[in-house]
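Inspection log for the structure reproduced underneath, given as structure tokens.
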2 protein chains.
Amino acid sequence: MRLDRTPYDEKLDAILAASARVFAEKGYHNASIRDIARASGVSLSGLYYYFQSKEELLYLIQDHGLGTLLDRLEERLQRVVRPEDKLRVLIRNHLTYFVSNMAQMKVMSHEADSLTGEFKAQVNRKKRRFVDIAGEILNELNPNTDLDLRVSTFALYGMINWLYTWYRAERDPDADVLADTMTRIFIEGYRGNKVDPAMMSEAMLPS
Amino acid sequence: MRLDRTPYDEKLDAILAASARVFAEKGYHNASIRDIARASGVSLSGLYYYFQSKEELLYLIQDHGLGTLLDRLEERLQRVVRPEDKLRVLIRNHLTYFVSNMAQMKVMSHEADSLTGEFKAQVNRKKRRFVDIAGEILNELNPNTDLDLRVSTFALYGMINWLYTWYRAERDPDADVLADTMTRIFIEGYRGNKVDPAMMSEAMLPS
DNA sequence: GGTTGCACCGAACGTTCGATCGAACGGCGC
DNA sequence: GCGCCGTTCGATCGAACGTTCGGTGCAACC
């Protein structure tokens, strides 16, 4: 089904990859289309055959990356049942993709607000899926906690998404160790905070 | 000692506050000095009486904010001794300042890479202090863990600093609840991951 | 009351920005 | 050999950018 990849597709992917590198290094608004032309080996005007505006270019990078990440996540989640394993899969899925595609992941994390209008709405729809999935897993992991679910969910994604600000492949552990570290901290931390039964009134106890 | 605040100081602070709002809303590179002139009520050229360049303006915002945050942190840390309390103080210090100064905190978190040269070096020096302080606390909290200290430290700051991407005061809990949630997750998660004594070889046990 | 210096501004500079336009290239069907 | 169409590019546009320059008002001081 992916056998019909034309030279057009290949070149578009190359342009998106080069653009992600430029956006990651200089930031979206500080990067110029001329920078991308230089990095991709295509002329300034030639680029506009592949996208209609700079903003659409950013959208293509983000939407494609989030789509890939989401597809992989949903496929991998089907293979496990315990919430602990699901959370491990989610964290590892993110971090593995991150370490392998650092430029793209930085653009996805750091340039979230640089899109406007329908571009932003479409990307936010995909991001919402990630939030919902994590929320469901946390709820399975510890249904009886008094920790705020929304705060806990974004605390989790904060741990993960902040990576682009500090991670350096040559000195830091690989993605598996990162995922293991964050998974252990978060599972232990979230699962360990159950509501203290001694604090519950009799009315709350099962009759 | 702070009684010698001149009208110049007052106006500079007002300009910095207005600039932080503009930078937070539009992003540093996407915001123009003209936007800041409009937001602060000072003419375009009049602004340059208070700073020499747009980049220095960003530096002033970041350096001043980090300085305040660091001063408060070190003062509050002196009042507690248990590592659990120290970590709680650190998290609460960050989040309280964040919620009270959202624009400034967003600029500090999101525009870290927008500075160059000596500006960036000076800001990074202050940020390093935060990393070192957190690392020392985590080490006191659980000296026997096999969790990577650097990864754990940035996981903690990721939880905290990511706040600017999702927090909305009108729907989310206040800073105290945020701090309590994150503190409980992280303390339980980090302290709970001790090296399993059953996994240790005899050579590692005290003789 | 002339001089100094701080605070501030309108106008303009040179440069870079995202985007467009018309022309030209090359392979393929006819 | 000719026309077509997908692809590419040099030349160029108006707008916006950060910064600078010459100058103004005004309070303080001698």
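First the proteins, then the strands, lettered A, B, ... as listed; each starts at 1. From a predicted model like this one, the values you see are computed outputs, not experimental measurements.
- A heavy-atom distance below 4.0 Å to DNA chain D is reached by these residues of residues 51-62 of chain B, ordered by number: B:S53, B:K54.
- Distance, B:N30 CG to C:dG18 P: 11 Å, rounded to whole Å.
- Taking atom CG on B:L44 and atom C1' on D:dG18, their separation rounds to 8 Å, with Å as the unit.
- Geometrically, A:K54 engages A:Y28 in a cation-pi contact, judged by NZ or CZ lying under 6.0 Å from the ring centre and within 45° of the ring axis.
- The side chain of B:S32 contributes no N or O atom lying less than 4.0 Å from OP1 or OP2 of D:dA16.
- Ion pairing between A:D180 and A:R92 fails under the 4.0 Å rule for side-chain N and carboxylate O.
- Protein atom CD1 of B:I36 is 15 Å distant from nucleotide atom C1' of D:dA16, rounded to whole Å.
- Between B:F186 and B:Y190, the ring-plane angle classifies as parallel under the 30° and 60° cut-offs.
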Fill in: Chi angles and distances behind the side-chain contact (heavy atoms from CB on, under 4.5 Å) call for B:D71, B:T68
CA-CA 5 Å; B:D71 289 345; B:T68 304; 5.9 Å; no
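- Distance CD/B:E84 to CZ/B:R191: 4.5 Å, rounded to 0.5 Å.
- Taking the side chain as every heavy atom from C-beta outward, A:D13 and A:R5 approach each other to under 4.5 Å.
- Remark: P of D:dC9 and CZ of A:R34 are 15 Å apart, rounded to the nearest angstrom.
- Atom CG of A:L47 is separated from atom P of D:dG10 by 12 Å (rounded to the nearest Å).
- Between the side chains of B:D9 and B:T6, a donor-acceptor pair is found at a separation under 3.5 Å.
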All N/O pairs under 3.5 Å across the protein-nucleotides 5-8 of chain D interface:
from: D:dT7; atom 1: OP2; to: A:Y49; atom 2: OH; distance (Å): 2.4
from: D:dT7; atom 1: O5'; to: A:Y49; atom 2: OH; distance (Å): 3.4
from: D:dT8; atom 1: OP1; to: A:K11; atom 2: NZ; distance (Å): 2.6
from: D:dT8; atom 1: OP2; to: A:Y50; atom 2: OH; distance (Å): 2.4

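- With a 4.5 Å cut-off on side-chain heavy atoms, B:D113 and B:K120 count as touching.
- Between the CD1 atom of A:I33 and the P atom of D:dC9 there is a distance of 15 Å, given to the nearest Å.
- The residue B:A37 sits apart from the nucleic acid: no heavy atom pair falls under 4.0 Å.
- The distance between atom CZ of A:R38 and atom P of D:dC9, rounded to the nearest whole Å, is 15 Å.
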Can you list the steps and then say if A:Y59 with A:E118 is a side-chain hydrogen bond (donor to acceptor under 3.5 Å, both in side chains)? CA-CA 10 Å; A:Y59 164 76; A:E118 193 51 40; over 6 Å; no
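- As a whole-Å value, the separation of B:E10 CD from C:dA7 C1' is 16 Å.
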